[in-house]
Amino acid sequence: MGWLMVKHDFTLHAGHDFNITYQVPEGSDMNLTGYKGVCKIRKRPNESVVFDLNTTIEEKSVTFSLAGDISAAKQLQTKDFVYDAFIYNDSEHIKIGYGKITLIQDISMHN
């Protein structure tokens, strides 16, 4: 298969567009056509979803995105979150990424 799970921590600035892209490793014959993706941000792993990111899948990559207006509208007081990302189809699901997200509120830009 040749897909490696990646632990990566991010900083997300509220009000800014946010994207995470995972590439199929070079030399892998894996094709993502037919897969779906899911990436969710939560305060804690067992708590409710704070952000459910949009997914764009291409043959050799998957991108998860969150529009800046969505993160700005949440008005979150917390700054520490966790996320994980999966690709899946009818026969398998593969965890491709996880980590921490630090949310920075740009407080001057909001009411």
Side-chain angles (χ1 to χ4, degrees):
M1 189 82 134
W3 193 283
L4 301 176
M5 184 170 47
V6 178
K7 180 182 186 305
H8 200 116
D9 298 338
F10 293 98
T11 300
L12 190 164
H13 290 264
H16 294 235
D17 292 344
F18 177 73
N19 298 296
I20 307 170
T21 300
Y22 295 95
Q23 298 281 348
V24 172
E26 207 171 308
S28 169
D29 59 356
M30 185 172 190
N31 182 330
L32 300 183
T33 304
Y35 278 85
K36 293 180 177 149
V38 61
C39 182
K40 296 181 180 185
I41 299 173
R42 304 170 194 265
K43 188 172 174 184
R44 302 270 174 274
N46 58 349
E47 292 186 14
S48 62
V49 173
V50 177
F51 297 113
D52 191 352
L53 280 65
N54 293 322
T55 306
T56 305
I57 294 202
E58 297 176 7
E59 194 174 309
K60 293 290 184 183
S61 69
V62 55
T63 299
F64 301 104
S65 57
L66 179 67
D69 56 345
I70 294 172
S71 63
K74 280 277 191 188
Q75 299 283 313
L76 296 166
Q77 301 305 311
T78 311
K79 69 178 188 79
D80 295 316
F81 296 87
V82 294
Y83 78 95
D84 57 10
F86 290 84
I87 55 172
Y88 64 96
N89 61 19
D90 291 339
S91 60
E92 63 183 337
H93 67 278
I94 304 165
K95 187 172 186 175
I96 57 174
Y98 68 101
K100 294 178 188 165
I101 291 186
T102 303
L103 179 71
I104 307 294
Q105 288 284 2
D106 296 324
I107 56 173
S108 297
M109 298 303 295
H110 308 298
N111 293 335

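All of these numbers come straight from a predicted model, not from anything done at the bench.
Classification of the Phe86-His93 ring pair by plane angle, with boundaries at 30° and 60°, yields tilted. Using a 30° and 60° split on the angle between ring planes, His16 and His13 fall in the tilted class, from 30° to 60°.
Considering all non-hydrogen atoms of both residues, Lys95 and Asp84 come closest at CE-CB, 3.7 Å. For Ala85 against Phe64, the heavy-atom pair with the smallest separation is CB-CE1, 3.6 Å.
Counting heavy atoms from C-beta outward, Tyr35 and Ile94 have side chains that approach closer than 4.5 Å. Using a 4.5 Å cut-off on side-chain heavy atoms (C-beta onward), Val49 and Arg42 make contact. Counting only heavy atoms from C-beta outward, the side chains of Leu32 and Tyr22 never approach each other to under 4.5 Å. Side-chain contact between Leu12 and Ile41 is present, with at least one heavy-atom pair separated by less than 4.5 Å.
Without hydrogens or angle criteria, Ser71 side chain to Gly15 main chain gives a donor-acceptor distance under 3.5 Å. Using modelled atom types, one side-chain atom of Gln105 and one backbone atom of Leu76 make a donor-acceptor pair closer than 3.5 Å. Of the possible donor and acceptor atoms, none in the side chain of Asp9 sits under 3.5 Å from a partner among the backbone N and O of Gly99. Using modelled atom types, no side-chain atom of Tyr98 and backbone atom of Tyr83 make a donor-acceptor pair closer than 3.5 Å.
Atom OG1 of Thr33 is separated from atom CD of Glu58 by 10.0 Å, given to the nearest 0.5 angstrom. The OG1 atom of Thr102 sits 5.5 Å away from the NZ atom of Lys79 when rounded to the nearest 0.5 Å. Separating the CZ atom in Phe81 from the CG atom in Leu103 is a distance of 5.5 Å, to the nearest 0.5 Å. Atom CG in Asp52 sits 7.5 Å away from atom OG1 in Thr55 (nearest 0.5 Å). Between Lys36 atom NZ and Asn89 atom CG the span is 9.5 Å, to the nearest 0.5 Å.
Criterion: ILVMFWY side-chain heavy atoms under 4.5 Å apart, direct or through other members. Under it, Ile70 and Leu53 are part of a common hydrophobic cluster. Hydrophobic clustering places Val6 together with Met30 (ILVMFWY residues linked when any side-chain heavy atoms are closer than 4.5 Å, directly or through intermediates). Ile96 and Tyr88 fall into different hydrophobic clusters, where Ile, Leu, Val, Met, Phe, Trp and Tyr side chains are chained together by heavy-atom contacts under 4.5 Å.
With respect to Thr63, the side chain to side chain contact (heavy atoms under 4.5 Å, CB included) criterion is satisfied by exactly one of Asn19, Ile57, Ile20, Asn54: Asn19.
Taking the six-membered ring where the residue is Trp, the centroids of Phe10 and Phe18 are separated by under 6.0 Å.
The environment of Asp90 atom CG is sparse: at most 12 non-hydrogen atoms of other residues, nucleotides or ligands sit within 6.0 angstrom.
The side chain to side chain contact (heavy atoms under 4.5 Å, CB included) test applied to Glu47 returns Lys43, Arg44, not counting sequence neighbours.
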